[in-house]
Novice: 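Structure provided below as structure tokens; questions to follow.
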Amino acid sequence: MRIEKLLAQHEHDEAVERLYRLGEAAERAGDLREAAVRYRVAADQRLGDAAVRLARVLFALGEHAEATRWCHAAVADGFPEAEELIQEDSEARQRFLEHAARAMVGAPTFDWVPAAVPAGRVEPSEVQERTRALRALDRRYGGIACHTLVLAHLDAVEPMIVVGAEEMWTAVAEVHELAGWTAFDSGMPGVALPHFSRALTLARQAENEALIASVLTRAGRMFLHHNAPDDALKAFQLGFVAAHNSWADRRELSNPPQAIAALTTKVGTYGADHVRARVLTLTALARNHLALGDPAAAADLTGEAVAAAANLRSARVDDHLRWLDEEARDAGASALVKHIAHRFAHRG
């Protein structure tokens, strides 16, 4: 009889161990709800660090109360690292908002390395076309239906950021934004935040204020959904600033005085590491001063922009200077035209 009990216990232990391994596989595959089901059984049986793994998955799913309970159980069973999970969860939104605030003043640079090297050549337009198709799936069928497809798309295109420029950075940022959004819609806010953070980093690299505003708005909506109104308000406020900056960057000159006020504030936020952003802002300022009938101020700003861009190679900057040149010629602003001519003469 004793042998039968030992055999039964052995079979039980093996079954629990299999569930734990299935939980690991589900977690690696990104199926956090399935992982939670498997880990929960193993944690109930107090198998190894199952309670720690379950708590980590539950935090990612936004199940903070249950995750905290399992953290306390894990600590009681001799896994003190579980205490750190509670602290990390409480600080996650704060870290994101701090990152977002730095993005608003042009601070973030690449802080991660893609898991793979670029394979072949992909055009930004191809990335964006696939992203639009996946976004349409999300709108029609929901995030759960397409989150895995979005991650597969991201795995394929993220390596291109190391060989691309602003157009590719924008394209991949949009994929990270969609990955975060579909993760949120799949009930995984903890998974969404790192994607939103990377989207902000890439959007800042591309100086895409409109995309920064979009990411922060989505993050704010997620915070609201998960009962964090104060954090949501901060995200919305930062998003409003980005949206205002984006408005000021537009080519249309519907309100030059208001644009000048916004751009003057903005240009002061850029340091030596953000040459392109500073040049684009100076150019926009020059265009608005020209629109107000102040060619002298416009010429001074253009001269400053051209000098700052001496070692800068950017098609987008050249496009903005050409637009300014067209407007300056129409306005008879010869000093301004001369500054821009100096830029292109030295480009050869």
Side-chain angles (χ1 to χ4, degrees), residues 91-112 161 165-181 184 189 192-224 228-251 255 257-285 287-288 301 304-305 308 312 314 316-317 320:
E91 294 176 350
R93 285 192 298 271
Q94 185 59 37
R95 286 197 302 272
F96 173 80
L97 290 169
E98 289 172 355
H99 180 77
R102 290 194 298 273
M104 296 310 302
V105 295
T109 54
F110 294 134
D111 54 1
W112 80 97
I161 65 175
E166 54 256 37
E167 288 186 4
M168 183 60 74
W169 298 334
T170 290
V172 178
E174 290 171 346
V175 185
H176 268 297
E177 180 190 36
L178 183 58
W181 185 250
F184 160 48
L193 268 184
H195 287 299
F196 285 148
S197 182
R198 289 186 177 185
L200 286 178
T201 295
L202 288 166
R204 171 48 65 210
Q205 288 295 113
E207 302 299 347
N208 192 323
E209 300 283 354
L211 183 52
I212 290 173
S214 175
V215 172
L216 288 168
T217 299
R218 290 176 185 271
R221 290 168 67 182
M222 184 177 76
F223 294 157
L224 271 182
D230 291 341
D231 292 333
L233 179 60
K234 292 174 186 175
F236 289 141
Q237 288 171 333
L238 289 169
F240 176 80
V241 173
H244 186 69
N245 288 343
S246 176
W247 174 87
D249 283 344
R250 292 184 306 178
R251 287 198 67 198
N255 192 333
Q258 189 173 351
I260 287 170
L263 290 164
T264 300
T265 299
K266 183 179 177 183
V267 76
T269 67
Y270 295 121
D273 293 335
H274 292 83
V275 176
R276 183 180 57 242
R278 180 173 175 79
V279 171
L280 288 170
T281 306
L282 286 167
T283 304
L285 270 169
R287 293 182 63 247
N288 280 279
L301 289 161
E304 189 177 348
L312 184 66
S314 169
R316 186 152 58 105
V317 164
H320 279 254

Novice: Side-chain donor-acceptor contacts of residues 212-224 below 3.5 Å, not counting sequence neighbours, with atom names and distances?
Specialist:
| unit_1 | atom_1 | unit_2 | atom_2 | d |
| --- | --- | --- | --- | --- |
| Ser214 | OG | Glu177 | OE2 | 2.4 |
| Thr217 | OG1 | Ala213 | O | 2.8 |
| Arg218 | NE | Glu177 | OE2 | 3.2 |

Novice: With sequence neighbours excluded, what pairs up with Thr283 under the side chain to side chain contact (heavy atoms under 4.5 Å, CB included) test?
Specialist: Val279, Ala305, His320, Leu321, Leu324
Novice: Going by the rule salt bridge (charged side-chain N to carboxylate O under 4.0 Å, His left out), which residues pair with Glu304 if we only count those two or more places apart in sequence or in a different chain?
Specialist: Arg278
Novice: According to the ring pair (Phe, Tyr, Trp, His ring centres under 6.0 Å) rule, which pairs have a member within residues 195-220, sequence neighbours left out?
Specialist: His176-His195
Novice: On a heavy-atom basis, which atom in Asn288 and which in Ala259 lie closest, and how many Å separate them?
Specialist: OD1-CB, 3.4 Å
Novice: Pairs in or reaching into residues 230-246: which pass salt bridge (Lys or Arg N to Asp or Glu O under 4.0 Å), with residues at least two apart or in two chains?
Specialist: Arg93-Asp231
Novice: Please round to the nearest 0.5 Å and tell me the distance separating atom CD1 of Ile260 and atom CD of Gln258.
Specialist: 11.0 Å
Novice: What distance do Leu263 atom CG and Thr281 atom OG1 have between them, rounded to the nearest 0.5 Å?
Specialist: 6.5 Å
Novice: Mind checking what makes side chain to side chain contact (heavy atoms under 4.5 Å, CB included) contact with Ala210, not counting sequence neighbours?
Specialist: Asn208, Ser246
Novice: At what distance, to the nearest 0.5 angstrom, does CE of Met104 lie from CZ of Arg102?
Specialist: 13.5 Å
Novice: Rounded at 0.5 Å granularity, tell me how far CD in Glu174 sits from CG in Leu202.
Specialist: 10.5 Å
Novice: Which atoms form the tightest heavy-atom contact between Leu238 and Ala100, and what is the distance?
Specialist: CD1-CB, 3.8 Å
Novice: Please check this pair: side chain of Trp169 against backbone of Ala203, looking for a donor-acceptor N/O pair closer than 3.5 Å.
Specialist: no
Novice: Where is the tightest heavy-atom contact between Glu166 and Arg276, given as atom of each residue plus distance?
Specialist: OE1-NH1, 3.7 Å
Novice: For the side chain of Ser197 and the backbone of Leu193, is there at least one donor-acceptor N/O pair under 3.5 Å apart?
Specialist: no
Novice: Within this structure, what is the CD1-OG1 distance for the pair Ile161 and Thr201, rounded to the nearest 0.5 Å?
Specialist: 9.5 Å
